[in-house]
Protein chains: 2
Amino acid sequence: MKTAVKSAEKPTTGTRERIVRATSRLLQRQGYEGTGIKQISREAEATLGSVYHFFPGGKQELAAEAIRHGDEEFAVLLRAGLGSSEDLAEAVTACTTLLARELRASDWQDGCPITSTALETVGRAPVIEQAVAEAFANWRAIVEERLRAAGIGPEDSRELAGTVISTLEGAELAAQLARSEEPLHASGRHLARLLSTYRP
Amino acid sequence: MKTAVKSAEKPTTGTRERIVRATSRLLQRQGYEGTGIKQISREAEATLGSVYHFFPGGKQELAAEAIRHGDEEFAVLLRAGLGSSEDLAEAVTACTTLLARELRASDWQDGCPITSTALETVGRAPVIEQAVAEAFANWRAIVEERLRAAGIGPEDSRELAGTVISTLEGAELAAQLARSEEPLHASGRHLARLLSTYRP
DNA sequence: CATCCCCTAGAACGAACGCTCTACCTAGAG
DNA sequence: CTCTAGGTAGAGCGTTCGTTCTAGGGGATG
């Protein structure tokens with residue numbers, strides 16, 4: 001079937017992509033060890049044969065690809081939030097608001113797409129660790145650019161970007177575990193306040 | 001053998017406690033699904049029979065108890081850091097320094113004792129969720145008290161305490177994944193700066 | 001029509017999973 | 001001594017795990 005669409009029929013997303021999406025979603029909710037390949041193939045409506053055809057590296061390769069998927073997903077949200085206002089404080093709280101909305105909408109199930117898997121595989125699955133490191137670097141760069149655009153010095157922007165990411169990460173974690181938007185909103189306000197001290 | 005010590009022999013920590021300690025350590029490093037009961041019994045030098053004797057509720061009850069153990073462990077560190085200086089800024093950075101030291105000393109293996117398990121079991125193991133919620137509340141209360149002692153208003157103290165905890169959580173996560181103390185140190189400085197804006 | 005290759009299909013493997021169960025050991029009470 | 005009971009010991013249950021492997025389906029090309 002290749003990638004060609006027969007006539008005007010269903011352009012059903014390709015098998016490979018369905019597998020990646022399903023893996024990403026399942027890893028986000030159940031973690032690495034808690035997710036089985038058979039469950040993935042079931043959820044993706046693909047067969048075991050297809051999974052291993054596209055990902056001969058097995059579970060690890062599959063997880064690494066899913067992490068890359070989650071990376072982009074989070075980056076999109078980050079860009080949307082940070083680009084939503086000229087005012088830096090508003091831009092940052094827009095991020096926490098977006099995260100809170102998505103988290104609540106999923107009934108507190110969908111936190112950060114990669115945290116759980118990243119933690120479980122630390123120090124024992126280099127392929128995954130690599131993808132995780134790239135995701136963090138990517139997010140950090142997005143934030144850093146926005147801070148510089150707001151007139152914050154290069155050095156401060158770099159350091160602050162890291163703190164912004166890890167604070168968002170921590171706040172989303174807390175919000176998910178407490179089943180409450182409050183930790184995200186509070187952190188958003190506090191982040192905005194912190195950043196405002198760099199532009200008098 | 002009960003709890004009585006025969007003469008002046010080894011007061012070898014009781015079997016139950018060995019099991020809890022081993023579980024806590026393993027959950028911290030491998031997460032909930034990644035840790036097997038048989039591995040726990042092996043590591044704790046106890047038999048499967050003993051494990052189920054002390055924890056008839058099985059893996060979930062065991063994990064909940066281990067979370068409580070990790071709760072206290074983190075609380076001790078928090079109290080040590082926060083009590084190390086009259087100056088609030090110094091007290092906070094003392095916490096991040098302590099966390100960074102322990103993290104590095106374990107070769108980036110021992111992050112927060114409960115995060116991984118908490119994330120994996122969210123929404124599917126009420127006994128564990130309960131223990132997790134109590135831990136977070138406990139830590140938050142410890143920080144809140146210190147902020148009030150520093151002269152920050154009750155309302156601000158409550159909100160800030162939550163942010164402090166989740167920032168520490170996020171920074172430790174980032175540090176562990178990046179194998180670097182830097183995220184923790186940066187967050188410590190930024191937290192100190194944020195808090196200083198509440199006491200002019 | 002035949003040929004090719006990408007992809008699908010799922011049975012089967014050994015290992016590990018959480019948990020149950022019976023048997024046994026041993027210290028203290030009577 | 002006997003009796004009791006808290007604790008130890010590990011074989012074994014049914015299930016699921018990640019992975020391998022062989023066989024077949026079906027457009028595109030000759």
Side-chain angles (χ1 to χ4, degrees), chain A residues 1-20 22-23 26-27 29-66 117 120-121 124-128, chain B residues 1-7 9-23 26-27 29-66 117 120-121 124-128:
Chain A
M1 198 177 283
K2 267 271 164 91
T3 341
V5 179
K6 206 175 286 184
S7 52
E9 269 195 56
K10 17 176 214 173
T12 11
T13 47
T15 305
R16 199 195 126 101
E17 190 179 335
R18 277 200 330 274
I19 293 172
V20 173
T23 306
L26 288 170
L27 287 187
R29 300 191 170 201
Q30 320 180 354
Y32 184 75
E33 299 287 353
T35 302
I37 302 244
K38 285 171 184 170
Q39 185 187 11
I40 289 172
S41 78
R42 213 180 307 125
E43 205 92 355
E45 300 191 82
T47 65
L48 213 46
S50 301
V51 174
Y52 278 95
H53 170 75
F54 287 110
F55 302 95
K59 200 180 184 185
Q60 291 198 11
E61 184 185 348
L62 192 41
E65 189 65 29
T117 301
E120 280 180 272
T121 58
R124 76 189 71 198
V127 204
I128 300 177
Chain B
M1 197 179 284
K2 268 262 161 97
T3 340
V5 179
K6 207 175 289 184
S7 53
E9 267 195 59
K10 13 176 215 174
T12 12
T13 47
T15 305
R16 199 194 126 100
E17 190 179 336
R18 276 196 336 268
I19 294 172
V20 173
R21 287 166 111 91
T23 306
L26 288 170
L27 287 186
R29 300 191 171 201
Q30 320 182 358
Y32 185 74
E33 299 287 353
T35 302
I37 301 245
K38 284 174 184 168
Q39 185 187 11
I40 290 172
S41 79
R42 213 180 308 125
E43 205 92 356
E45 301 191 84
T47 65
L48 210 47
S50 299
V51 174
Y52 279 95
H53 170 76
F54 286 111
F55 302 96
K59 201 181 183 183
Q60 291 199 13
E61 184 186 347
L62 193 41
E65 189 64 30
T117 301
E120 280 179 271
T121 57
R124 77 188 70 198
V127 204
I128 299 177

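Letters A, B, ... mirror the listed sequences (proteins, then strands); counts begin at 1. Since we're looking at a predicted model, the values are computed, not measured.
Summarising the local packing, CD of A:E45 is surrounded by 12 or fewer heavy atoms from other residues, nucleotides or ligands at distances under 6.0 Å.
Among D:dA9, C:dC19, D:dG7, the nucleotide with an atom closest to any side-chain atom of B:I37 is C:dC19. If you check D:dT8, C:dG18, D:dG18 against the side chain of B:K38, the one that comes closest is C:dG18. With C:dA9, D:dT19, D:dT8 as the candidates, the nucleotide lying closest to the side chain of B:F54 is D:dT8.
Evaluation of the side chain to side chain contact (heavy atoms under 4.5 Å, CB included) rule for A:F55 yields A:R16, A:I19, A:V20, A:E61, A:L62, A:E65 as partners, not counting sequence neighbours.
In terms of phosphate contacts, B:S50 brings a side-chain nitrogen or oxygen within less than 4.0 Å of OP1 or OP2 of D:dT8. Residue A:T15 places at least one side-chain N or O under 4.0 Å from the OP1 or OP2 atom of C:dT8.
Protein atom CD1 of B:I40 is 12 Å distant from nucleotide atom C1' of C:dC17, rounded to whole Å. In this structure, the NE2 atom of A:H53 is 14 Å from the C1' atom of D:dG25, given to the nearest Å. C:dG10 atom P lies 13 Å from atom CZ of A:R42, rounded to whole Å. Distance, B:E33 CD to D:dT16 C1': 12 Å, rounded to whole Å. Put simply, CD on B:E120 is 15 Å from C1' on C:dC17, counting in whole angstrom units. We find that NZ of A:K59 is positioned 8 Å from P of D:dT19, with the value rounded to whole Å. Whole-Å rounding puts the A:I19 CD1 to C:dA9 P distance at 11 Å. Atom pair A:R18:CZ and C:dT8:C1' shows a separation of 11 Å (rounding to whole Å applied).
Of the possible polar contacts, none joining the B:E120 side chain to the A:G31 backbone as a donor-acceptor pair under 3.5 Å is found.
No side-chain heavy atom of B:E17 sits under 4.5 Å from any side-chain heavy atom of B:F54.
Residue-level contact check: B:T35 touches the backbone only, with heavy atoms under 4.0 Å from sugar-phosphate atoms and none from bases.
Scanning both residues, A:T23 and A:A66, for their nearest heavy atoms gives CG2-CB, 3.7 Å. The shortest non-hydrogen separation linking A:R18 to A:A44 is NE-O, 2.8 Å.
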Polar-atom pairs under 3.5 Å, protein N or O versus N or O of nucleotides 21-25 of chain C: list them with distances, or write none.
none

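Both A:E45 and B:Y32 lie close to DNA chain C; mapped to their nearest nucleotides by heavy-atom distance, the more 5′-ward contact belongs to A:E45.
Atom CD of A:Q30 sits about 5.0 Å away from atom CZ of B:R124, to the nearest 0.5 Å.
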